Amino acid sequence: MKYIKHILFSSVLFIFLFKANAQLLDSFKVILKTRASIDLRIESRYSFIDNELATISGFRAGVSFKRKVKLGGGISWLKSNISENEYIRNTDSIPILTPKYLKLTYFCLYADFVFYKTKRWQVSVPLQAGFGASWFQYKPGYDLSSGNKHFLALYEPGIATHFKIFKWFGLGTSVGYRFVLKNNKNMNYQFNSPTYAFKILFWADQLYYDLFPNSKWTKKYGPAEW
């Protein structure tokens with residue numbers, strides 16, 4: 001129940017802030033009618049699982065409207081090796097202490113809304129929600145055929161900022177919180193956690209527009225912009 005309260009509180013707070021400015025809401029409606037570009041991301045976010053630092057890696061693909069509204073989906077997985085020991089009997093019925101590894105993967109939909117933007121600075125509200133599974137297996141690499149899978153649902157609100165060094169290159173950071181609902185009481189690991197990330201940002205299309213300002217592609221989709 002407390003997880004549901006956290007999720008409802010975060011959602012209501014975001015909706016309140018989003019609707020507090022009717023002009024901003026109208027501008028997003030206009031932006032969504034503009035031509036979309038491709039949004040691709042390879043991500044790594046840091047968080048904690050039972051007070052142990054854990055890295056969540058992921059891949060995202062979607063569309064971007066004037067670089068102010070981004071929508072899409074992707075997949076994430078637990079990259080860090082988190083394990084616990086368990087006695088397993090071998091063929092001679094001798095118990096051997098064997099590590100079993102925690103695995104986590106999930107699919108998600110994401111939305112990223114920019115509410116502050118200058119020539120070099122940008123601040124946005126990224127949201128993502130999805131579902132996946134957690135399980136244990138006796139080898140460190142992912143083996144989707146092993147272990148009993150346990151369903152879980154996730155919701156991750158946050159806030160992100162980035163600084164553009166060039167039109168096509170920048171640095172960024174984000175913080176948020178991962179809320180997890182799981183259906184297995186025997187999975188004692190705590191997945192709810194703050195999340196944070198440090199980002200290297202690269203916009204290939206903007207670099208192309210900068211290098212080839214007179215090309216047909218640039219004249220049609222460009223020019224490069226801050």
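Since the model is a prediction, treat every value here as computed from it, not as a measurement.
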For residues [X] and [Y], report the shortest heavy-atom separation together with the two atoms involved.
X: Ser193; Y: Phe48; value: OG-N, 2.8 Å
X: Ala224; Y: Asp210; value: CB-OD1, 3.7 Å
X: Pro126; Y: Ser124; value: CD-O, 3.4 Å
X: Ala197; Y: Thr173; value: O-OG1, 2.9 Å

[X], [atom1]: over 12 other non-hydrogen atoms inside 6.0 angstrom:
X: Trp226; atom1: CH2; result: yes
X: Phe65; atom1: CZ; result: yes
X: Asn85; atom1: CG; result: yes
X: Asn148; atom1: CG; result: no
X: Phe107; atom1: CZ; result: no
X: Ile96; atom1: CD1; result: yes
X: Tyr196; atom1: OH; result: yes
X: Lys139; atom1: NZ; result: no

What's the separation between atom [atom1] in [X] and atom [atom2] in [Y], rounded to the nearest 0.5 Å?
X: Ser134; Y: Lys149; atom1: OG; atom2: NZ; result: 10.0 Å
X: Asn51; Y: Gln190; atom1: CG; atom2: CD; result: 9.0 Å
X: Glu43; Y: Ser174; atom1: CD; atom2: OG; result: 7.5 Å
X: Arg41; Y: Asp112; atom1: CZ; atom2: CG; result: 5.0 Å
X: Asn192; Y: Phe179; atom1: CG; atom2: CZ; result: 7.5 Å
X: Ile88; Y: Ile94; atom1: CD1; atom2: CD1; result: 14.0 Å

Say whether [X] and [Y] are linked into one hydrophobic cluster, either directly or through other cluster members, by side-chain heavy-atom distances under 4.5 angstrom.
X: Leu40; Y: Phe169; answer: no
X: Phe202; Y: Ile38; answer: no
X: Tyr209; Y: Trp168; answer: yes
X: Val125; Y: Leu201; answer: no
X: Val63; Y: Tyr110; answer: no

Look only at the side chain of [X] and the backbone of [Y], and say whether a donor-acceptor pair between them is shorter than 3.5 Å.
X: Lys119; Y: Lys164; value: no
X: Thr218; Y: Phe212; value: yes
X: Tyr142; Y: Leu104; value: yes

> Under the side chain to side chain contact (heavy atoms under 4.5 Å, CB included) criterion, do Phe136 and Glu86 qualify, and how do the steps go?
Replying inline: CA-CA 11 Å; Phe136 287 107; Glu86 182 179 73; over 6 Å; no
Side-chain heavy-atom pair [X], [Y] within 4.5 angstrom cut-off:
X: Glu52; Y: Tyr189; value: no
X: Tyr177; Y: Pro194; value: yes
X: Val180; Y: Leu154; value: yes
X: Arg67; Y: Gln206; value: yes
X: Phe191; Y: Leu102; value: yes

> Any cation-pi pair here, Lys103 with Trp135, using under 6.0 Å and within 45°?
Replying inline: no
>> Parallel, tilted or perpendicular: which one describes the rings of Phe163 and Trp121, with boundaries at 30° and 60°?
In response: tilted
Distance-only donor-acceptor hits, side chain of residues 70-82, under 3.5 Å, sequence neighbours excluded:
residue : atom : partner : partner atom : Å
Ser76   : OG   : Arg60   : NH1          : 3.2
Ser76   : OG   : Arg60   : NH2          : 2.7
Ser80   : OG   : Thr55   : N            : 2.8

> Got a sec, which residues hit side-chain contact (heavy atoms from CB on, under 4.5 Å) with Ile42, two or more places apart in sequence or on another chain?
Replying inline: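 Expected list: Phe59.
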>> So that I can tick it off, tell me whether Glu84 and Lys100 are bridged by a salt bridge, with the cut-off set at under 4.0 angstrom between side-chain N and carboxylate O.
In response: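 Yes, this pair counts.
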> Taking it one step at a time, do Arg178 and Ser47 satisfy side-chain hydrogen bond (donor to acceptor under 3.5 Å, both in side chains)?
Replying inline: CA-CA 8 Å; Arg178 180 177 65 233; Ser47 61; 2.9 Å; yes
> Is there a side chain to side chain contact (heavy atoms under 4.5 Å, CB included) between Ser215 and Tyr208 once you walk through the steps?
Replying inline: CA-CA 9 Å; Ser215 71; Tyr208 179 87; 3.4 Å; yes
> Looking at Tyr116, Phe198, Trp203, which one forms a ring-ring contact (aromatic ring centres under 6.0 Å, His included) with His162?
Replying inline: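 Considering Tyr116, Phe198, Trp203, a ring-ring contact (aromatic ring centres under 6.0 Å, His included) with His162 is found only for Trp203.
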> Does Tyr138 have any ring pair (Phe, Tyr, Trp, His ring centres under 6.0 Å) partners at least two apart in sequence or in another chain, and if so, which?
Replying inline: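 Expected list: none.
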